[in-house]
Amino acid sequence: MGKEITSREADYSQWYIDLVKKADLAENSEVRGCMVIKPYGYSIWEKMQQALDKMFKDTGHVNAYFPLFVPKSMFEAEEKNAEGFAKECAIVTHYRLKNDPSRPGKLMVDPEAKLEEELVVRPTSEAIIWSTYKKWIQSYRDLPLLINQWANVVRWEMRTRLFLRTAEFLWQEGHTAHATAAEAVAETKQMLDVYAEFAETFMAMPVIKGRKSEGERFPGAVDTYCIEAMMQDGKALQAGTSHFLGQNFADAFNVQFTNKEGKLEKVWGTSWGVSTRLMGALIMAHSDDDGLIIPPKLAPIHVVIIPIFKSEEELNKLSVKAEEITKELRKLGLSVKFDNRDTLKPGFKFAEYELKGVPVRIAIGPRDLENGTVEVARRDTKEKKVMQMSSIVAEMPTLLDSIQQTIYDRALKFRDEKITKVDSYEELKRVLDEKGGFVSAHWDGTAETEGRIKDETKATIRCIPLDSVEEDGVCIYSGKPSKQRVLFARAY
RNA sequence: CGGGGUGUAGCGUAGCCCGGUAUCGCGCUUGGUUUGGGACCAAGAGGUCGUCAGUUCGAAUCUGGCCACCCCGACCA
């Protein structure tokens, strides 16, 4: 009884919502489009942050924090970027409330406290950051400037979904400035590699690195790179982006430096980000109808120990062993929970930790005490086996590695099976409808063709894969010559 | 922003057509029995029925307005 989850087959969208809510990751808040990230969900995000933050630091970046508010005139300085986000900006127009004379005890906006200039709540921080960089950069010796910030941003979305698209979300945004275009491009690609490595190593989620078409490019960027992941329902999900900004923001904010020859040059920029959307990706990449499956490297709890007992005396005996194991596992840096609650049956606990995606469960009962064994169950395969109590600690790191690998391999196999090559428009449509996934096809490179295919099939060009080989072909839509296949998919 | 739906205890719901002060399950509290895959018994606590107005002796129920949220679409990370 208790927490029933809609099956993926019955209603994938509802399955996702059930999982988020019932596994205590997040819930809808009183504010439309905004969510409360609950402790269990937040602890997964913290794991992601820790891993990413280390990778950023290892590649020479430092953290800083810039304001939530951006003056409207500053925001609109880079026109394409401003235009791109204009439709979804929250704006602060007043700075004070006052008592409402017509409704005792209630407040109203004080019309006399109107701001001289409206403040845009950042949908992204390029504007405020580049206007600051202008002050920080004078010489080539000030470059490169490699800064990241962890922050919240607001995009007033029409339709929201927990983690995948919320009006306010958490992310990191890296903003770098360089002396040369080549260096900025290298930075853009380096950070794309960092994201891909993070997705694959920590999230156990294979991704395709690629470049966005003009139509899908970040507003204000010269080039946008992305990592694209495949969800279990056959829809693609953009999991991270890295932008080569060219000199667009240097132009808009007049950011120049003196080079070695004493000449003024404009700086080159990049920006890159991943968000709490990764939580949605993590859930939809791996989980099943029984609940979450969290790769060990991101699991808030690695191992849960569940005692099976009839009496308090029995529990006490088991507790001694369980605490011994807990202590030893913790020495290895693992997060262990010993669930000794005496009001719930073991079966209930089993189901609960499966729902929450804890990678390993150890059950220990009177029989085990006699035999010196424990029952070990892994979440990814549901496999259970009896192991020697004496060796369980030593074997745990290997077991967790194996789980991490199995989850990745499974996702990779699924993803690879969901890539289909087609050579005609009819085939593209059929594959999208019947199989889903990525469809690899020739495209003539025009925004017009891309737009028409999008209108007719709801599929977009997810990316032009970086590792794709040049091959002569014809565009499946226009019949014009093409040198490369791109990936189409319906996407989140 | 269009189309649909729903607001009743912490959660999920019945009641609404046909007006008479709210049903059931889960959860919670207390006590007892249980515990190797989602326990059971008993006794309890918990409600401005989204909101405002109207009709009526009487409104969860009828009428009108408003609000909120969810789902589907367009737009988007």
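- The base-pairing partner of B:A59, taking Watson-Crick or G-U wobble contacts with both distances under 3.5 Å, does not exist among the strands shown.
- The distance from atom CZ of A:Phe348 to atom C1' of B:U34 is 16 Å, rounded to the nearest whole Å.
- At the heavy-atom level, A:Arg341 lies nowhere under 4.0 Å from the strands shown.
- Looking at A:Asp339, its side chain does come within 3.5 Å of a backbone N or O of A:Arg341 through a donor-acceptor pair.
- We find that CG of A:Leu369 is positioned 13 Å from C1' of B:G36, with the value rounded to whole Å.
- Among the nucleotides B:A39, B:A77, B:C75, the one closest to any side-chain atom of A:Lys345 is B:A39.
- Between A:Lys349 and B:U35, a side-chain N or O to OP1/OP2 separation shorter than 4.0 Å is absent.
- Using cut-offs of 30° and 60° for the angle between ring planes, the A:Phe244 and A:Trp268 rings count as parallel.
- If you take atom C1' in B:G47 and the same atom in B:C28, they sit 15 Å apart, rounded to whole Å.
- Here the nucleotide nearest the side chain of A:Phe309, chosen from B:U35, B:C1, B:G36, is B:U35.
- The pair A:Glu27-A:Lys21 fails the salt-bridge criterion, with no side-chain N (NZ, NE, NH1 or NH2) lying under 4.0 Å from an Asp/Glu carboxylate O.
- In this entry the distance linking CD1 of A:Ile308 with P of B:U35 reads 12 Å, nearest Å.
- The residue A:Ile17 sits close only to the backbone: its heavy atoms come under 4.0 Å of sugar-phosphate atoms, none of a base.
- Rounded to whole Å, the distance from OH on A:Tyr16 to P on B:C70 is 14 Å.
- Comparing atom distances between the A:Glu157 side chain and each of B:G37, B:G36, B:A77 picks out B:A77 as nearest.
- Here the side chain of A:Asn63 pairs no donor or acceptor atom with the backbone of A:Gln149 at under 3.5 angstrom.
- When distances run from any side-chain atom of A:Glu354 to the nucleotides B:G36, B:A77, B:G37, the shortest one goes to B:G37.
- Counting non-hydrogen atoms under 4.0 angstrom, A:Arg32 reaches the backbone sugars and phosphates but no base.
- Rounded to whole Å, the C1' atom of B:G7 lies 11 Å from the corresponding atom of B:U51.
- Residue A:Arg161 contributes atom CZ, which lies 13 Å from atom P of B:A74 at whole-angstrom precision.
- Remark: C1' of B:C75 and OH of A:Tyr492 are 17 Å apart, rounded to the nearest angstrom.
- Side-chain atoms of A:Lys385 do not come within 3.5 Å of backbone N or O of A:Val376 as any donor-acceptor pair.
- With B:C71, B:G37, B:A77 as the choices, the nucleotide that has an atom nearest any side-chain atom of A:Ala351 turns out to be B:G37.
- Rounding to whole angstrom units, CE of residue A:Met158 and P of B:C70 are separated by 15 Å.
- A:Glu375 comes within 4.0 angstrom of a base, heavy atoms only.
- At the heavy-atom level, A:Lys454 lies under 4.0 Å from the strands shown only through sugar-phosphate atoms.
- Screening residues 187-203 of chain A for side-chain hydrogen bond (donor to acceptor under 3.5 Å, both in side chains) gives A:His61-A:Glu187, A:Gln172-A:Tyr195, A:Glu187-A:Gln190, A:Glu187-A:Trp272, A:Asp193-A:Lys209 as the qualifying pairs, with residues at least two apart or on separate chains.
- Rounded to whole Å, the distance from CE on A:Met387 to P on B:G36 is 23 Å.
- Counting any heavy atom pair closer than 4.0 Å across all strands shown, A:Phe169 reaches a base atom.
- Taking every side-chain heavy atom of A:Lys458 into account, B:G73 is the closest of B:G36, B:G73, B:G37.
- Distance noted for atom P between B:G2 and B:A74: 16 Å (whole Å).
- If you take atom C1' in B:C52 and the same atom in B:G38, they sit 45 Å apart, rounded to whole Å.
- A:Pro366 comes within contact range of at least one nucleobase, with a heavy-atom separation under 4.0 Å.
- Here the separation of B:U34 from B:C40, taken at their C1' atoms, is 7 Å to the nearest Å.
- Distances from the side chain of A:Ser13 to the nucleotides B:A77, B:C71, B:G73 place B:C71 closest.
- Across all strands, A:Asn28 comes closer than 4.0 Å only to sugar-phosphate atoms, never to a base (heavy-atom distances).
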